[in-house]
Chemist: 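Can you read through this structure? Questions will come right after.
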2 protein chains.
Amino acid sequence: MTNQLAAVPHDRTHFRPHQYLAREAEKPAAIYRIDEGWAYRFRLLSDGRRQITALFLPGDYCEPQWALGHAPTQPIMALTNVRATLLPVGMRSERTLIHERGLRNALAASLERQTNWLVTLGRCTALERIAHLLCEIYERLRRSGLTYGQQCAMPLTQMDMADITGLTAVHVNRTLQAMRSRNLIDLHSRWLRIPDLAALRRSACWA
Amino acid sequence: MTNQLAAVPHDRTHFRPHQYLAREAEKPAAIYRIDEGWAYRFRLLSDGRRQITALFLPGDYCEPQWALGHAPTQPIMALTNVRATLLPVGMRSERTLIHERGLRNALAASLERQTNWLVTLGRCTALERIAHLLCEIYERLRRSGLTYGQQCAMPLTQMDMADITGLTAVHVNRTLQAMRSRNLIDLHSRWLRIPDLAALRRSACWA
DNA sequence: CGAATCGTTGAGCGAGGTCAAGAAAAGTGG
DNA sequence: CCACTTTTCTTGACCTCGCTCAACGATTCG
């Protein structure tokens with residue numbers, strides 16, 4: 001059905017959960033702009049350990065760094081259904097592409113988030129890590145108008161959260177319960193409510 | 001034409017250990033090219049926890065991401081005496097600067113290293129983290145011709161290593177001893193010798 | 001030479017991991 | 001709509017890797 005896909009008004013595409021948006025070392029034809037759904041970048045170690053190294057939410061580019069002319073070194077996978085718009089990197093020169101203000105800003109933002117996660121993974125407790133994760137997701141979604149009052153979607157499983165925060169799923173579970181009992185979060189059936197965002201931010205160790 | 005930066009008037013500067021190359025939120029006047037010496041980017045938490053989030057070795061740009069037009073979010077400090085060349089970001093447009101191939105490549109390399117460290121901090125043991133650190137330093141120095149056989153400089157204190165690897169200085173010490181006794185490293189008085197680089201790389205968990 | 005800084009070692013502890021099992025959701029096909 | 005399977009969540013018991021605290025050498029440097 002490649003033809004059908006190519007026939008679709010040409011620059012949109014779709015991925016199902018667990019489908020690859022990009023594979024390691026395989027130069028992608030395009031940068032995606034995520035219109036809907038979540039995806040993540042990760043690395044799998046030979047013994048099965050997994051670390052998620054980036055989240056892509058609606059409105060994000062995936063990935064700005066491809067405009068620098070290097071192949072991805074980690075695969076990217078859809079977490080939910082994903083609809084995306086293609087921005088071909090081949091057609092326009094990389095020089096032109098990296099000029100796009102949106103792309104430059106996205107690259108800078110992604111770099112900064114990544115640097116923050118180095119601090120969190122290196123120096124923060126389990127509760128601080130999860131608080132950081134939930135705050136970051138909520139605030140990124142809010143900037144895209146995808147929050148509803150104090151609530152937002154949370155399609156990550158506890159195992160996904162574990163692989164982002166460098167913990168185990170069991171410990172994520174216990175920590176979430178601790179946070180629930182302190183009224184820091186209200187998390188049920190893929191839906192997050194944050195009763196007091198300031199309090200949650202404070203428990204994330206650098207506000 | 002080939003090297004636009006070469007056309008820029010070259011100002012050179014110097015920093016002593018513990019001197020700031022850049023402060024948080026203070027837009028730097030220039031990107032440095034490190035000619036000699038080491039520096040690091042870090043964040044200090046309010047309770048004194050420190051995480052080092054990047055190392056700058058001779059030949060590195062510090063930092064390529066400033067060409068994206070954002071102020072640094074973490075300070076940068078000299079570890080040793082540092083001699084650097086200034087590449088003014090203000091004079092030529094950012095557009096021109098980010099075109100510079102060397103800068104683009106440096107940015108991509110720094111991004112990739114950072115992503116690798118997310119994996120290491122999230123999922124690796126103490127020995128794997130330190131092995132990763134030592135391998136990375138050795139190989140970066142080797143590419144710059146700063147290794148001598150299996151040896152290279154290692155000005156980092158054990159506390160510095162701890163703050164890179166997300167461990168404590170005491171545990172770094174014990175882990176280094178374990179590595180010494182396994183003949184993975186030979187580390188004395190700021191000097192590192194790697195008897196078997198392949199073996200060290202293997203113990204760093206993703207070869 | 002003294003004063004910092006850095007490295008080393010020991011004893012005890014605790015945050016988070018491991019293993020296991022069962023409960024609750026969520027998907028799947030009839 | 002209902003069985004059935006699979007995934008996710010939850011809880012308990014136990015363990016271990018790395019942390020804390022403290023003291024003492026070893027270097028480095030003024």
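Only this structure's heavy atoms are used, side chains among them; waters, hydrogens and symmetry mates stay out.
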Chemist: Just call it for B/R49: base, sugar-phosphate, or nothing, with non-hydrogen atoms closer than 4.0 Å on any strand.
Modeler: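 It contacts nothing in the nucleic acid.
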Chemist: From the 5' end of DNA chain D to its 3' end, which nucleotides mark the outer limits of contact with chain A, defined by a 4.0 Å heavy-atom distance cut-off (strictly under)?
Modeler: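 The contact span of chain A on DNA chain D goes from D/dT8 to D/dA13.
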Chemist: Using the salt bridge (Lys or Arg N to Asp or Glu O under 4.0 Å) rule, collect all pairs that involve residues 144-161 of chain A, keeping only residues at least two apart or in two chains.
Modeler: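 Matches after skipping sequence neighbours: A/R50-A/D160.
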Chemist: Roughly how many Å is it from NE2 in B/H18 to P in C/dA4, rounded to a whole number?
Modeler: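 That distance rounds to 16 Å.
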Chemist: Mind calculating the distance between CZ (A/R16) and C1' (C/dG27) to the nearest angstrom?
Modeler: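 Nearest whole value for this atom pair: 13 Å.
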Chemist: Are the side chains of B/M154 and B/R190 in touch, meaning some heavy atoms are under 4.5 Å apart?
Modeler: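 Side chain of B/M154 against side chain of B/R190, heavy atoms only: no contact under 4.5 Å found.
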Chemist: For residues 168-178 of chain B, which residues have at least one heavy atom under 4.0 Å from DNA chain D?
Modeler: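 B/T168, B/V170, B/H171, B/R174 - these, ordered by number, are the residues of the stretch whose heavy atoms sit under 4.0 Å from the strand.
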Chemist: Show me the side-chain donor-acceptor pairs of residues 74-82 of chain B shorter than 3.5 Å, one per line, residues at least two apart or across chains.
Modeler:
from: B/Q74; atom 1: OE1; to: B/T53; atom 2: OG1; distance (Å): 2.6
from: B/T80; atom 1: OG1; to: B/W38; atom 2: N; distance (Å): 2.9
from: B/N81; atom 1: OD1; to: B/R16; atom 2: NH1; distance (Å): 3.1

Chemist: Under 4.0 Å, counting only non-hydrogen atoms across every strand here, what does A/R190 touch: a base, just sugar-phosphate, or nothing?
Modeler: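 A/R190: backbone/sugar contact only, no base atoms under 4.0 Å.
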Chemist: Between B/R49 (side chain only) and A/G122 (backbone N and O only), is there a donor and an acceptor less than 3.5 Å apart?
Modeler: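 No; judged by distance alone, with no hydrogens or angles, the pair does not exist.
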Chemist: Could you give all pairs that pass the salt bridge (Lys or Arg N to Asp or Glu O under 4.0 Å) test and reach residues 60-81 of chain B, with sequence neighbours left out?
Modeler: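 Found B/R41-B/E63, B/D60-B/R140.
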Chemist: For DNA chain D, what residues of residues 154-165 of chain A have any heavy atom nearer than 4.0 Å?
Modeler: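 The stretch gives A/T157, A/Q158 as the residues lying under 4.0 Å from the strand, ordered by number.
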